[in-house]
Amino acid sequence: MTLRVDDAASLRQAMVATLRDEGLITTDSVAAAMHTVPRHDFAPGEPLEKVYQTNTTLVPKIDASGRQTSVVSASHIQAIQLEQADVRPGMNVLEIGSGGYNAALIAEIVGPTGSVTTVDIDADIVDRARAGLRRAAYEQVNVVLADAEHGVAQHAPYDRIMVTVGAWDIPPAWLEQLTPDGRIVVPLRFAGITRLIAFDRTPGMSVLKARNYRLGSFVPMQGDGAASEQLIPVTPDVGLRLDQNSALTFDVPALRKALNTKPVESWSGTPFDMPDELELYLLTSGSELPMLHAAQAAVDQGVVNRTVCNGTPTLVRGGSFAYRIKRENPQTVSGYETGVIAHGPEAEQVAGELLAIIRTWAGRYYRRSAAHITYHPNTADTSDLTGWHTTKRHGVLAVAWP
């Protein structure tokens, strides 16, 4: 059966209702835009039911190595970004990483007195975005083929810069092209994870301060802004992932031996809830931790817990290491309890150290958005910066837990 235009409208209405119910759409302007813009015009050939699912990415482009280099983001991610950006009528907005649909949403919100520019490094994606915008009747959007590391100066300054690709840093051009009180919403990669951060600029100040941050996953940026991470194999199926600028070293043979020892399980008595917040705390509250990753084969063979497949912060001490796990526990608020698995000759000590960190977080920071995140461009004075921070190409990212 072929679905008609009114079917698409019904599916769009259901999509928006779901995003409202989940608290991801909170403003009428974002709801109205997502009600109005025909998402299916940017994914021709895709089934309408798939197009209007809230957690599904669309029309991926795959490179020779099998890696996704571009997608139309899931609608729940686009709703989160739009709410973070607080786009308003009459604003001038730059979108970095094109696909067409998100640019159309922004254009709907800024209205006839506003302006939208979308830029991508990939000519195929630019052509696809232009075609979708034409089909959906949003041809007023400026579609630019360029390396977004350098922004799009000809249409600056921008009240909002919305980045829809995973970025490792914030280039100077973005700040130069942002208004004095503008906002950048960027999926920033640091400490082996990505957080979708809304940074505000204060007039007269060089430091960016996070308004809020959320969990999100994005294809990595290409071109001059591209960055890679270090992967240290422990076995063919288990490895430690580090930021590209990390100086950590490990006794890999000792860790490989530890994997073959009987693990020690310990339990914290604290709820396993808001795991993305706990993950952020573990990675940015003290000494640098790597992310432990494993293939499904390692889980199937009982070498590591299944939580490792998605990556998990891991405390390494010599030839011993520990990482967090969970189990059902109806006595906790969430119904699950946070625990620790440790391997190696000092397993009990390392497990105890990690449990202490987990309990500190549960006692002091068990709430959403507890971290204070700031970005300090290279032009800023960072001599008195304390707490966790990491030096990037163009500046320093700092995370504090007051």
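For the side-chain contact (heavy atoms from CB on, under 4.5 Å) test, residues two or more places apart in sequence or in another chain that qualify with Glu83 are Ile25, Thr26, Thr27, Val30. With sequence neighbours left out, the ring pair (Phe, Tyr, Trp, His ring centres under 6.0 Å) criterion links Tyr101 to Phe42. With sequence neighbours left out, Tyr52 forms a side-chain hydrogen bond (donor to acceptor under 3.5 Å, both in side chains) with Arg12, His40. Arg195 pairs by the side-chain hydrogen bond (donor to acceptor under 3.5 Å, both in side chains) definition with Glu279, not counting sequence neighbours. For Trp168, there are no ring pair (Phe, Tyr, Trp, His ring centres under 6.0 Å) partners at least two apart in sequence or on another chain. In terms of the side-chain contact (heavy atoms from CB on, under 4.5 Å) criterion, residue partners of Leu231 (sequence neighbours excluded) are, by chain and number, Arg241. Applying the salt bridge (charged side-chain N to carboxylate O under 4.0 Å, His left out) test to Arg160 and every residue at least two apart in sequence or in another chain returns nothing. The side-chain contact (heavy atoms from CB on, under 4.5 Å) check on Asn92 picks up Ser115, Tyr158, Asp159, with sequence neighbours excluded. With sequence neighbours left out, the side-chain contact (heavy atoms from CB on, under 4.5 Å) criterion links Ile121 to Asp147, Gln222. In this view, His376 and Thr374 satisfy the side-chain hydrogen bond (donor to acceptor under 3.5 Å, both in side chains) rule, not counting sequence neighbours. Shown here are the salt bridge (charged side-chain N to carboxylate O under 4.0 Å, His left out) partners of Arg20, two or more places apart in sequence or in another chain: Asp28.
More than 12 heavy atoms of other residues, nucleotides or ligands shown are found within 6.0 angstrom of CZ on Arg327. The number of heavy atoms from other shown groups lying within 6.0 Å of CD (Glu22) is above 12.
Using a 4.5 Å heavy-atom cutoff, the side chains of Arg211 and Phe199 are not in contact. Between Gln53 and Val51, the closest side-chain pair of non-hydrogen atoms is not below 4.5 Å.
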Task: Full working for side-chain contact (heavy atoms from CB on, under 4.5 Å) between Thr194 and Ser217 - done: CA-CA 7 Å; Thr194 300; Ser217 178; over 6 Å; no
Open item on the list: Please evaluate residues Asn102 and Ile106 with respect to the criterion side-chain contact (heavy atoms from CB on, under 4.5 Å), reporting the C-alpha separation (whole Å), side-chain torsions for both, the decisive distance (0.1 Å), and the verdict.
Closed with: CA-CA 6 Å; Asn102 196 58; Ile106 300 168; 3.7 Å; yes
Task: Evaluation steps, side-chain contact (heavy atoms from CB on, under 4.5 Å), between Trp361 and Leu278 - done: CA-CA 7 Å; Trp361 174 81; Leu278 174 55; 3.8 Å; yes
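The pair Asp200-Lys209 fails the salt-bridge criterion, with no side-chain N (NZ, NE, NH1 or NH2) lying under 4.0 Å from an Asp/Glu carboxylate O. Between Arg317 and Glu353 there is a salt bridge, with a side-chain nitrogen of the basic residue lying less than 4.0 Å from a carboxylate oxygen of the acidic one. Between Asp86 and Arg88 there is a salt bridge, since a side-chain N of the basic residue sits under 4.0 Å from a carboxylate O of the acidic one.
The distance from atom CD1 of Ile77 to atom CG of Asn55, rounded to the nearest 0.5 Å, is 8.5 Å. Between Arg214 atom CZ and Leu196 atom CG the span is 8.5 Å, to the nearest 0.5 Å. One distance of note links CD1 of Ile358 with OG of Ser266; it measures 10.0 Å at 0.5 Å rounding. The CG atom of Leu11 sits 6.5 Å away from the CD atom of Glu49 when rounded to the nearest 0.5 Å. If you take CG on Leu175 and NE2 on His394, they are separated by 10.0 Å, rounding to the nearest 0.5 Å. Here the CG-CG distance, from Leu188 to Asp169, works out to 7.0 Å after rounding to the nearest 0.5 Å.
A side-chain donor-acceptor contact under 3.5 Å links Asn378 to the backbone of Arg393.
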Could you go through residues 318-325 and list every donor-acceptor pair under 3.5 Å that involves a side-chain atom there, pairing it with any protein atom two or more places apart or in another chain?
| unit_1 | atom_1 | unit_2 | atom_2 | d |
| --- | --- | --- | --- | --- |
| Ser320 | OG | Glu346 | N | 2.8 |
| Tyr323 | OH | Asn305 | N | 2.9 |
| Arg324 | NH2 | Pro275 | O | 3.4 |

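Geometrically, Arg364 does not engage Trp401 in a cation-pi contact, judged by NZ or CZ lying under 6.0 Å from the ring centre and within 45° of the ring axis.
Checked against Glu277 for a side-chain hydrogen bond (donor to acceptor under 3.5 Å, both in side chains), the options Tyr213, Tyr366, Tyr365 give a single hit: Tyr213.
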